[in-house]
Amino acid sequence: KETMNDLAKQIGFNVAESWLITDDSVYENIQYPCITKPLESIAGSKSDIKICKTSDELRRFISSGDCDNRIQVQKFIEREFEFQLIGCSLSRGNEVIIPGFTKIIRATSCTNTGFLKYLPISELDFDLGRCKEFIRACNYSGLFSLEFLRGKDGVDYFLEINFRNDGNAYSVTAAGVNLPHIWVTSFQGGSYNREYNITPIIVMPELVDIFEIFKRTVTLKEWLRDVKRTDCFLYYDKQDIKPFIYQLSLMIISTIKKIPKVLLRKLTR
């Protein structure tokens, strides 16, 4: 994440000030409130993410053992909304396709995504030139997603880039542009449509979003209303239901396995 942020600053993106912590020490110049993040996403977990309002709260969190001992601490920005630019880079960034963007309506507490809209890129007041410059600087070919936060101060802050097919990427396909197909076709030397007509849609990651009912961030009535107006589910498809059933069974098993650990943690505290 530190490497990403350094490159983003060079390109000209706004990046929230951050500090690196690799042991129990907490630097005095950290600005509060702040948010902690795993230094390497693949090695970290959601338990590494916490908003701390004071230095004492940050110290307690770091010494609690609930997080990895190598974390990034970043100034917390009051957000207006978060958005993703899901795209495809061809020929190491010589052609960068970003047909639209996701705008989170309701974030989930267990992932960095949520119930969202996917909209044509023309509806976002944002400079795509820097995004393409960023991809070229990475010398990257393939699928990606760039994540940003628009603060209440009206400033867009770079969060991170994911060099992979994003978890929300199916929303792009559902809206009318199949980025994985374009990527494969390009590598095969084939031709593909360069006219990207995006249909605005509402997207729900239903298997994680449903937990918001139990966490009381949304009522059952509100959630069912959102289900009714959803155009694209990330798992459920009545014409191909087996992947949904498989993923649901994995989540149920994972949740059951966590119950003893949660109870033990509460008892030891």
Side-chain angles (χ1 to χ4, degrees), residues 1-9 13-84 102-116 145-162 167 205 208-219 222-223 258 261-269:
K1 288 185 183 295
E2 287 294 309
T3 303
M4 285 184 196
N5 285 347
D6 290 342
L7 178 58
K9 290 175 184 175
F13 287 132
N14 297 298
V15 180
E17 192 167 0
S18 64
W19 301 265
L20 179 62
I21 294 180
T22 57
D23 51 38
D24 289 337
S25 63
V26 178
Y27 301 108
E28 298 301 326
N29 63 340
I30 291 176
Q31 298 179 33
Y32 297 91
C34 66
I35 183 168
T36 66
K37 299 179 179 180
L39 194 59
E40 298 178 12
S41 297
I42 194 169
S45 67
K46 297 303 175 186
S47 63
D48 293 324
I49 301 174
K50 182 177 174 60
I51 298 171
C52 299
K53 296 180 180 179
T54 65
S55 60
D56 287 340
E57 191 174 344
L58 179 59
R59 289 177 192 275
R60 285 196 300 270
F61 175 68
I62 293 172
S63 61
S64 67
D66 288 341
C67 67
D68 185 74
N69 62 355
R70 300 178 70 250
I71 60 173
Q72 180 191 60
V73 177
Q74 197 168 56
K75 181 181 177 182
F76 181 72
I77 305 296
E78 288 287 341
R79 68 184 176 189
E80 188 69 32
F81 63 90
E82 290 183 36
F83 60 95
Q84 277 183 311
T102 68
K103 182 177 180 180
I104 295 177
I105 301 171
R106 180 182 65 247
T108 64
S109 53
C110 56
T111 70
N112 63 344
T113 182
F115 185 57
L116 55 87
S145 64
L146 279 158
E147 298 183 10
F148 293 87
L149 179 152
R150 179 161 294 177
K152 290 189 175 180
D153 55 5
V155 176
D156 292 324
Y157 294 92
F158 170 86
L159 296 178
E160 66 177 348
I161 183 170
N162 298 302
V208 291
D209 196 64
I210 194 170
F211 284 101
E212 299 308 302
I213 299 171
F214 304 105
K215 293 174 182 177
R216 298 183 179 181
T217 59
V218 63
T219 67
E222 289 170 334
W223 190 79
K258 287 179 182 178
K261 294 180 181 179
V262 172
L263 292 175
L264 179 61
R265 191 179 298 123
K266 288 183 177 180
L267 287 172
T268 54
R269 287 180 178 176

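Sequential numbering from 1 along the given sequence is applied to the chain's residues.
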Looking only at non-hydrogen atoms, find the nearest pair between [X] and [Y] and report the distance.
X	Y	value
Gly151	Ile77	CA-CG2, 4.0 Å
Ala16	Lys75	CB-O, 3.8 Å
Ile49	Lys37	CG1-CA, 4.4 Å
Lys50	Phe61	CD-CD1, 3.3 Å
Gly114	Pro205	O-CD, 3.3 Å

Report task. Walk me through it: do Asn162 and Glu147 pass the test side chain to side chain contact (heavy atoms under 4.5 Å, CB included)? Result -> CA-CA 8 Å; Asn162 298 302; Glu147 298 183 10; 3.0 Å; yes
Report task. Could you tell me whether a side-chain N or O of Glu222 sits under 3.5 Å from a main-chain N or O of Thr219, the two making a donor and an acceptor? Result ->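 Yes: the side chain of Glu222 pairs with the backbone of Thr219.
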Query raised in the report: So, Ser18 side chain and Val73 main chain: donor-acceptor pair closer than 3.5 Å or not?
Result: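 Checking the backbone N and O of Val73 against the side chain of Ser18, no donor-acceptor pair under 3.5 Å is found.
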Requested in this report: Measure from NZ or CZ of Lys53 to the centre of the six-membered ring of Tyr32, then state whether that distance is under 6.0 Å and the direction lies within 45° of the axis.
Outcome: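 Here Lys53 fails the 6.0 Å and 45° test against Tyr32.
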Report task. Could you give me the CA-CA distance, side-chain angles and deciding distance for Leu58 and Arg60, then say whether side chain to side chain contact (heavy atoms under 4.5 Å, CB included) is met? Result -> CA-CA 5 Å; Leu58 179 59; Arg60 285 196 300 270; over 6 Å; no
Can you tell me how far the [atom1] atom of [X] sits from the [atom2] atom of [Y], to the nearest 0.5 Å?
X	Y	atom1	atom2	answer
Ile71	Ile62	CD1	CD1	4.5 Å
Gln84	Thr102	CD	OG1	4.0 Å
Cys52	Arg59	SG	CZ	11.5 Å
Met4	Lys9	CE	NZ	14.0 Å
Gln31	Gln74	CD	CD	11.5 Å

Requested in this report: Might you work through the side chain to side chain contact (heavy atoms under 4.5 Å, CB included) test for Val218 and Arg106, ending with a clear yes or no?
Outcome: CA-CA 9 Å; Val218 63; Arg106 180 182 65 247; 4.1 Å; yes
Kindly write out the residues that satisfy side chain to side chain donor-acceptor pair (under 3.5 Å) with [X], not counting sequence neighbours, or none if the list is empty.
X	value
Arg79	Glu82
Glu57	none
Asn5	none
Glu80	none

Report task. Measure the acute angle between the ring planes of Phe148 and Phe158, then classify it against the limits of 30° and 60° as parallel, tilted or perpendicular. Result ->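 The arrangement is perpendicular - the two ring planes meet at more than 60°.
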So, do [X] and [Y] sit near enough that their side-chain heavy atoms are less than 4.5 Å apart?
X	Y	result
Trp19	Asn29	yes
Phe83	Ile104	no
Leu149	Asp156	no

Considering residues at least two apart in sequence or located in another chain, which fulfil the side chain to side chain contact (heavy atoms under 4.5 Å, CB included) criterion with [X]?
X	answer
Phe76	Pro33, Ile35, Ile51, Glu78
Ile210	Ile213, Trp223
Asp153	Val155, Tyr157

**Report entry** Pairing residues for Phe115 by the ring-ring contact (aromatic ring centres under 6.0 Å, His included) criterion, not counting sequence neighbours
**Finding:**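 ring-ring contact (aromatic ring centres under 6.0 Å, His included) list for Phe115, sorted by chain: empty.
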